[in-house]
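Proteins get letters first, then strands, A, B, ... in listed order; numbering begins at 1 in each.
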2 protein chains.
Amino acid sequence: MRNTLLDAGGVRLSVRESGPADAPAVVLVHGWAQSGEVWSPPSSLRGYAVDLRGHGASEVAGGGYRESAVWAADLKAVLDHVGRPAVVVGWSYGGLVIADYLRFHGTAGLSGLVLVGAITELGRGRPGGLTGRLADAVLPEAYSDDPAVAVPALTGFCRDQAPGLGGDVVQRMLGTALRVPPWVRRDMFRRDVDSAGVLKAVDKPTLVVHGTADEVVDPAAGEYAAALIPGADLRRYDGIGHAPFLERPECFAADLGRFVAEVSR
Amino acid sequence: MRNTLLDAGGVRLSVRESGPADAPAVVLVHGWAQSGEVWSPPSSLRGYAVDLRGHGASEVAGGGYRESAVWAADLKAVLDHVGRPAVVVGWSYGGLVIADYLRFHGTAGLSGLVLVGAITELGRGRPGGLTGRLADAVLPEAYSDDPAVAVPALTGFCRDQAPGLGGDVVQRMLGTALRVPPWVRRDMFRRDVDSAGVLKAVDKPTLVVHGTADEVVDPAAGEYAAALIPGADLRRYDGIGHAPFLERPECFAADLGRFVAEVSR
């Protein structure tokens, strides 16, 4: 494992690289207020787990969090660094970042797409951005500048997104979330994004994974993306919440490994 | 500003370097469950702000947190990286790490010492480790594996250590604290350390800064170190809490700059 700092239009993005240099490449995009640390890519793959701007070990850029073109450019910087076609995996808000990329760059540089508990749209009435009970319960409190408001909301979010996580894991995820400045957490949701056309134009193999008990992103958001992306395979994880790769790590690793093997043939 | 990763006996330690390469060198050692991010060294100095093992961007070593020799070796790795005599500044638990260094290496590589709201000893009845009301109120809860116990305790600690900090600053410090594994937070206090002989043997200029309203480390702990270290200068910050460099940044920067200029002549 090594950390690389990339220059993405003036902001330095941290990328955790793992696995054999010549193995199939997988770019992993985490969700809102998390970091690339959430991923444990199979050791048979070359993983590139980026920390999005404002998150983890990446710099806190002064802006860009509401702009599709900026998210697209950030992901392009990672793919340019990889330098060969990669499967991109997006968790939660990471799916929206992938949609941002598709909007500006199509599927250039992509060998396949994986969406996990992901949104692809954002805003009232957008089916690709349909949130669940838990997200509705903690927003907008989780954006607050006031620790007395934000901390309990984020604690509930981190603890309940995937029941059964250890207390040490919850504390670390909560720590990661709290280190994202409140205004960045807020800005990321101040967007109105329609991705229907973008999803219909995808011309690469796509796997959509969604827990049937996901209370952060409604399973209907995953179904929406799977229905619009031509030929997409929808895999429902029965009884699983918002983090299939943490709740059923072996199962997710097997599904991801199989998908990458298929698209890399 | 750039980040360097040092190898300290198998664990990689992150060091934030700032300022002109040929300016007087200052090594900054943060406190329990914080990181080098807390420091803003004057731009006229060459700053080396380490993240201690298990903290910030440094690796979480599997052990060593109870061992004086390990802390000593970690600080030695930083000083070896600096490569010339430096002033070491220790905040809170960082003062204990400096005492650990002195125990094994004396003042080799040091041009001066600064202790800020610092302990130099640890354990029941140790005057150099005397804690205040706030520390007593949140320990041992702040070590708990259970988020329901640890999060409120750490929130209170981060918020009340230095009254007047912005909510965004408190959230970021709390995030840093929560990302230190609970067992590391715990291990660091499972020590019994007497430093009287070590302090009496200091043969370099020393400045002790302590807020008179510090409720984490009792001002008596600073007075104890200042009394034992030959020729030490004790500077009381009237009405200030546990983080003088955050509560009175200009004043602390001036005091530090003046001290470094004197010892670097």
For [X], is it the side chain, the backbone, both or neither that has a heavy atom under 4.5 Å from a heavy atom of chain B?
X: A/D146; result: backbone
X: A/P182; result: side chain
X: A/R159; result: neither

| message | A cation-pi test, strictly: NZ or CZ of B/R185 under 6.0 Å from the centre of the six-membered ring of B/F189 and no more than 45 degrees from its axis. Yes or no? | response | no
| Does the side chain of A/W183 come within less than 4.5 Å of A/V60's, by heavy atoms? | yes
| query | B/T176 versus chain A, heavy atoms under 4.5 Å apart: side chain, backbone, both or neither? | reply |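 Answer is both: backbone and side chain atoms of B/T176 are under 4.5 Å from chain A.
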| query | Hey, do the aromatic rings of B/W91 and B/F252 have their centres closer than 6.0 Å? | reply | no
| task | Evaluate the ring planes of A/H55 and A/H30, with Trp represented by its six-membered ring, and classify them as parallel (under 30°), tilted (30 to 60°) or perpendicular (over 60°). | result | tilted
| task | Tell me, out of A/G175, A/P181, A/A150, who's got the most heavy-atom pairs with chain B below 4.5 Å. | result | A/G175
| said: Tell me whether the count of non-hydrogen atoms from other residues, nucleotides or ligands lying under 6.0 Å of CZ in A/R248 goes above 12. | reply: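 Not more than 12 within 6.0 Å, no.
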| Do you know which of B/Q171, B/R172, B/M173 has the most heavy-atom pairs with chain A at a distance under 4.5 angstrom? |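 Highest number of heavy-atom pairs under 4.5 Å: B/Q171.
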